[in-house]
Amino acid sequence: MSLNDTPSGERIHIGFFGRRNAGKSSLVNAVTGQELAVVSDVKGTTTDPVYKAMELLPLGPVEIIDTPGFDDEGALGELRVKKTRQILAKTDIAVLVIDGTSPVSEWDNELVRLFRDKDIPYIVVYNKADEKVCPVSDENAIAVSAKSGQNIHELKEKIASLAKNSGNDRRIVGDLLSPDDIVILVTPIDAAAPKGRMILPQQQTLRDVLDADAAAMVTKETQLAMTLERLAAPPKMVITDSQAFGMVSKIVPESVPLTSFSILMARYKGFLDTAVEGASAISRLRDGDTVLISEGCTHHRQCGDIGSVKLPALLKKYTGRELNITLSSGRDFPEDLSPFSLVIHCGGCMLNEREMLYRRRTAELQGVPFTNYGIAIACMNGILKRSLGIFPDLADKL
Ligand code: SF4
């Protein structure tokens, strides 16, 4: 992905599912107009999911996931369903590809059950319509031919209309602003900052301020006092990186709302309440407890050593406990959270909303508190209440 591309977390994730040889990979290629998937007549060519970020008209930025055959003989039933569930955890729209020349199988029905279970909008595609005319009565289904291109355009339109209904209209901060407000963004530039650019949550917040027709001033924490002094009137709010919160909170007058990028991102991803509640579990940790620190990507290029070094050190110092720390990253998020007393997740900027929701629900269902980096750091620095001041209902609960 180039730096100007839409981040993965903002793309609609479209998963193509079905039996081996239903023509799934050919259909993916026909829909995307690219040789994305390996196509062969040998059953089960796709053994691992293939991901591809792209622009797909009329939808816009999407991430296409071509999945392995659901009836793969190599994978035992339970493992196959487990793998499929993992992919479904991030799937916004599911496309079930059925070989229209064969009867609908039990595998196909099982996939539909999984989609419904997970509340995922789906469309059933009867492929190979060039070989056999397949009458379709259900408006959630369509007959197409990946080979001849028949109805591929109509299929894309159907996927687009499902996407429209499944969209997230949450804002990062724009809904809290009025046109002509001034917002100050504080972005420390230290050794951990990526060279020559700003990190994704900062970029996204800045963009949302501009979308609200408000004005943004961006400064390092060292120039914050000077910036505030030179403004003719106090800003509408100050948004800071969590790591600079201690210093920034001393500079910003109590009368000016102060929050952090992490808090805004947790709200944007739909789990601010859970994360605030989860942070309260930090003070209940005991010797021997295990904390899962989970990152949404493996390259850590936005987050440096926060999860692997800074957060474990802060947790041990704050609690005074002998804690065990387990790290997970990328697509690996443990399904069994019973060994853990707390999950602290990164901001999840590379994960889509559905996947963050899945991770949070997995923790909730197993009764394991779930919070995120920024909120945990704010809590341990004693500044969580102040940083939640723009959400009085939540701040009052602390
Ligand atoms: S570790 Fe998390 S917050 Fe950091 S860049 Fe990766 S997905 Fe984004």
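Order of listing sets the numbers, starting from 1, for every ligand and every atom in it.
The atoms of ligand 1 that sit less than 4.0 Å from any heavy atom of C349 are 3 (S), 5 (S), 7 (S), 8 (Fe). Atoms of ligand 1 lying under 4.0 Å from at least one heavy atom of C297, given by number and element, are 1 (S), 5 (S), 6 (Fe), 7 (S).
Around the CG atom of D180, the shell of radius 6.0 Å holds no more than 12 heavy atoms that belong to other residues, nucleotides or ligands.
Relative orientation of the F333 and Y358 rings is perpendicular, given thresholds of 30° and 60° on the angle between their planes.
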What's the verdict on ring-ring contact (aromatic ring centres under 6.0 Å, His included) for F70 and F17, showing C-alpha distance, side-chain angles and the deciding distance?
-> CA-CA 7 Å; F70 192 60; F17 300 84; 8.2 Å; no
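Partner of R267 under the side-chain hydrogen bond (donor to acceptor under 3.5 Å, both in side chains) criterion, chosen from D175, D273, T259: D175.
Between atom 2 (Fe) of ligand 1 and C346 there is an N/O/S contact shorter than 2.8 Å.
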